[in-house]
**Student:** 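Sharing a structure below in structure tokens format, with a few things to ask.
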Amino acid sequence: MEIGIDSFAAILPDPTTGRLPLATTRMAELIEEVVVADRVGLDVFGIGEHHRGEFLDSAPTVILAAAAARTSRIRLTSAVTVLSAADPVRVFQEFATLDLISKGRAEVVVGRGSFVEAYPLFGLDTRDYDDLFAEKLDLLLRLGETTNVTWEGRFRPPLQGQGVFPRPHQPQLPIWIGVGGTPQSFARAGTLGLPLMVAIIGGSFERFRPLVDLYREAGKRAGHSAETLKVGVHAMGFVGETNTAAKDAFFPGWAHLTTNIGRERGWSPPTRQQFEAMAGPEGAFLIGDPKTVAAKMLQASETLGGVSRMTFQMSTASLDTAAMKTSIELLGTEVAPIVRATRRA
């Protein structure tokens, strides 16, 4: 199992003063997080894409390129690229360039986005939410296969054999499909034979097993091998010296963001009791000491029929930079060895 981190570059107010840190400070801390993850042997680091004030990740490839220049082995990916609101040609060019800078460590996870701010920002209609993604994914996949593409669709001007450059360092740029809980998205990824990254940010891992099965069944019907149909999980996660320390470091930022987003979406304010349930044995949060987190990761993989990659969304803990650095180090030096040794046994 590959183990890594996803960050949304959250910028959160100090709970005592209410003041936001300088964006330049937060960005420097984020790059340092990637450096630490590389040093302790984690496999992958992802940067999300949002277009709102709580996050600094509206241009993820720029952040990833900065991280590429300071790392040597960790794979660098989006988490996710909102492909529906982007030009696939530009997305391909940006990640191919990142692949050159990183000497073959770039990947892209594409999705429709759980936040919709990108659509009006770039002049798109949310009523075309799925059609935009399907068409642009088709073009992105074509760009990965050939340099000179002839293609026509509804939402961007046609291509008539123009060359798209640069080409990536890797023979083919890895493209994953990022999904939430929509069955059609799981089936589409399986039919295309693309690796699947499932965002499980609440509830339980068991709830997603039927959807993962749907992905695998669709892939099998389309003639793809089981080895091709890789499943990754993106989950809320954080590691501390103790279970209490991990939860106390993660909860304030999680509560702040969940309250703000929930207010927009009509949710009830989150409670510590709800958080504790999600961090408990039956919940989907991977939060606790190294042994607790490793055991829960292994159980989640078994529940979902085998997971190839698991990434921790821990940026809501960025209020405590020392705890964040410790968490990354523990994930790489204590959690990952337990998981890898158990999977090899």
Side-chain angles (χ1 to χ4, degrees), residues 1-4 6 43-44 46 75 77-84 88 107-114 128-145 153 172-237 278 282-286 296-313 339-340 342-344:
M1 182 195 296
E2 293 180 321
I3 299 171
D6 290 333
D43 299 295
V44 61
R75 296 193 67 79
T77 184
S78 56
V80 303
T81 294
V82 185
L83 185 62
S84 304
E107 300 185 3
V108 56
V109 181
V110 296
R112 297 177 298 181
S114 60
D128 296 321
Y129 186 75
D130 192 63
D131 291 341
L132 280 162
F133 181 73
E135 178 179 299
K136 293 185 177 187
L137 177 61
D138 175 65
L139 176 54
L140 183 64
L141 294 174
R142 295 276 298 280
L143 293 168
E145 294 167 355
Q172 192 156 20
L173 185 69
I175 298 173
W176 295 62
I177 301 293
V179 298
T182 307
Q184 293 89 337
S185 298
F186 286 79
R188 172 164 47 209
T191 300
L192 293 171
L194 294 173
L196 182 78
M197 179 57 68
V198 189
I200 302 179
I201 58 173
S204 66
F205 293 108
E206 288 86 351
R207 185 168 65 90
F208 285 81
R209 179 59 187 263
L211 294 170
V212 172
D213 287 344
L214 175 63
Y215 161 72
R216 291 184 170 123
E217 290 162 6
K220 184 178 179 180
R221 285 196 303 271
H224 301 294
S225 67
E227 293 74 23
T228 301
L229 301 170
K230 296 193 295 185
V231 175
V233 169
H234 158 102
M236 296 288 187
M278 286 296 97
E282 305 303 319
F285 288 2
L286 302 169
K296 200 166 185 182
M297 290 172 67
L298 291 164
Q299 180 60 51
S301 179
E302 182 179 344
T303 297
L304 295 171
V307 169
S308 299
R309 174 179 292 181
M310 195 164 287
T311 57
F312 284 48
Q313 205 296 85
V339 172
R340 290 166 184 158
T342 304
R343 291 289 290 262
R344 286 195 298 267

**Student:** Which value, rounded to the nearest 0.5 Å, describes the distance between Q313 atom CD and I200 atom CD1?
**Tutor:**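 Nearest 0.5 Å value for the CD-CD1 distance: 14.0 Å.
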**Student:** So which heavy atom on F133 is nearest to which on S84, and how close?
**Tutor:**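 Closest approach of F133 to S84: CB-OG, 3.2 Å.
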**Student:** To the closest 0.5 Å, what do you measure between CE (M197) and CG (D6)?
**Tutor:**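 Separation between the atoms: 6.5 Å.
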**Student:** Is there side-chain contact between V339 and M310, with heavy atoms separated by less than 4.5 Å?
**Tutor:**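 No, their side chains stay 4.5 Å or more apart.
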**Student:** Quick one: CG on L141 to CG on L192, what's the gap to the nearest 0.5 Å?
**Tutor:**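 Atom-to-atom, L141:CG and L192:CG are 6.5 Å apart.
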**Student:** Could you pull out all residues at least two apart from S114 that satisfy side chain to side chain donor-acceptor pair (under 3.5 Å)?
**Tutor:**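 Applying side chain to side chain donor-acceptor pair (under 3.5 Å) to S114 gives none.
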**Student:** Could you walk me through whether I177 and L137 pass side-chain contact (heavy atoms from CB on, under 4.5 Å), step by step?
**Tutor:** CA-CA 9 Å; I177 301 293; L137 177 61; 3.6 Å; yes
**Student:** Can you tell me which residue pairs pass the ring pair (Phe, Tyr, Trp, His ring centres under 6.0 Å) test with a partner in residues 215-236, sequence neighbours excluded?
**Tutor:**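 Every pair satisfying ring pair (Phe, Tyr, Trp, His ring centres under 6.0 Å) with a residue in residues 215-236: F8-H234.
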**Student:** Rounded at 0.5 Å granularity, tell me how far CD in Q299 sits from CZ in F205.
**Tutor:**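 Interatomic distance, Q299 CD to F205 CZ, rounded to 0.5 Å: 10.0 Å.
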**Student:** Where is the tightest heavy-atom contact between A284 and G202, given as atom of each residue plus distance?
**Tutor:**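 Where A284 meets G202 most closely, the heavy atoms are CB-O, 3.7 Å.
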**Student:** When you compare the side chain of R112 with that of S185, does any pair of heavy atoms fall below 4.5 Å?
**Tutor:**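 Yes, at least one pair of side-chain atoms sits under 4.5 Å.
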**Student:** Tell me the salt bridge (Lys or Arg N to Asp or Glu O under 4.0 Å) pairs involving residues 173-184, sequence neighbours left out?
**Tutor:**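 Residue pairs passing salt bridge (Lys or Arg N to Asp or Glu O under 4.0 Å), neighbours aside: none found.
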**Student:** Listed by chain and number, what are the side-chain contact (heavy atoms from CB on, under 4.5 Å) partners of E145, not counting sequence neighbours?
**Tutor:**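 E145: side-chain contact (heavy atoms from CB on, under 4.5 Å) contacts with R142, Q172.
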**Student:** Only counting residues at least two apart or in another chain, list the ones meeting side-chain contact (heavy atoms from CB on, under 4.5 Å) with V80.
**Tutor:**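 Partners of V80 by the side-chain contact (heavy atoms from CB on, under 4.5 Å) criterion, ordered by chain and then number, come out as V109.
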**Student:** Within the 4.5 Å heavy-atom criterion, are V110 and K136 side-chain neighbours or not?
**Tutor:**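 No, every pair of side-chain atoms sits at 4.5 Å or beyond.
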**Student:** To the nearest 0.5 Å, what is the distance between OG1 (T303) and CZ (R207)?
**Tutor:**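 Taking OG1 in T303 and CZ in R207, the distance rounds to 13.5 Å.
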**Student:** Can you pull out every salt bridge (Lys or Arg N to Asp or Glu O under 4.0 Å) where at least one residue sits in residues 187-206? Sequence neighbours excluded, please.
**Tutor:**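 For residues 187-206: D130-R188.
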**Student:** Name all residues meeting the side chain to side chain donor-acceptor pair (under 3.5 Å) criterion together with R75; count only those two or more places apart in sequence or in a different chain, and write none if there are none.
**Tutor:**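 Per chain and number, R75 pairs via side chain to side chain donor-acceptor pair (under 3.5 Å) with E107, Q170.
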**Student:** Test of understanding: with side-chain contact (heavy atoms from CB on, under 4.5 Å), list the residues that count as partners of L143, not counting sequence neighbours.
**Tutor:**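 Only P88, V89, F92, L139, V149, L159, V164 meet the side-chain contact (heavy atoms from CB on, under 4.5 Å) criterion with L143.
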**Student:** Give me the atom names and distance for the closest heavy-atom approach of G190 to A222.
**Tutor:**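 Result for this residue pair: O-CB, 4.5 Å.
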**Student:** Please find the pair of heavy atoms, one from S301 and one from M1, that lie closest to each other, and give the distance.
**Tutor:**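 Shortest heavy-atom separation between S301 and M1 comes out as CB-CE, 3.8 Å.
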**Student:** Give the minimum heavy-atom separation between L229 and G219, together with the two atoms involved.
**Tutor:**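 Between these two residues, the closest heavy atoms are CD1-CA, 3.8 Å.
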**Student:** Would you please name every residue forming a side-chain contact (heavy atoms from CB on, under 4.5 Å) with E217, sequence neighbours left out?
**Tutor:**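 For E217 the side-chain contact (heavy atoms from CB on, under 4.5 Å) partners, ignoring immediate neighbours, are D213, R221.
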**Student:** State which residues pass side chain to side chain donor-acceptor pair (under 3.5 Å) with S308; sequence neighbours excluded, sorted by chain then number.
**Tutor:**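 Counting only residues at least two positions away or on another chain, S308 forms no side chain to side chain donor-acceptor pair (under 3.5 Å).
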**Student:** With side chains defined as the heavy atoms from C-beta onward, is the minimum distance between L286 and M297 less than 4.5 Å?
**Tutor:**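 With C-beta onward as the side chain, the pair touches.
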**Student:** Not counting sequence neighbours, which residues clear side chain to side chain donor-acceptor pair (under 3.5 Å) with S78? List them please.
**Tutor:**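 If we apply the side chain to side chain donor-acceptor pair (under 3.5 Å) test to S78, skipping adjacent residues, the hits are T81.
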**Student:** Can you tell me how far CG of L214 sits from CZ of R216, rounded to the nearest 0.5 angstrom?
**Tutor:**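 Between R216 CZ and L214 CG, I get 11.5 Å after rounding to 0.5 Å.
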**Student:** Kindly write out the residues that satisfy salt bridge (Lys or Arg N to Asp or Glu O under 4.0 Å) with E302, not counting sequence neighbours, or none if the list is empty.
**Tutor:**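 Salt bridge (Lys or Arg N to Asp or Glu O under 4.0 Å) list for E302, sorted by chain: empty.
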**Student:** Between G181 and L211, what is the shortest heavy-atom contact and its length?
**Tutor:**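 It is O-CD1, 4.0 Å.
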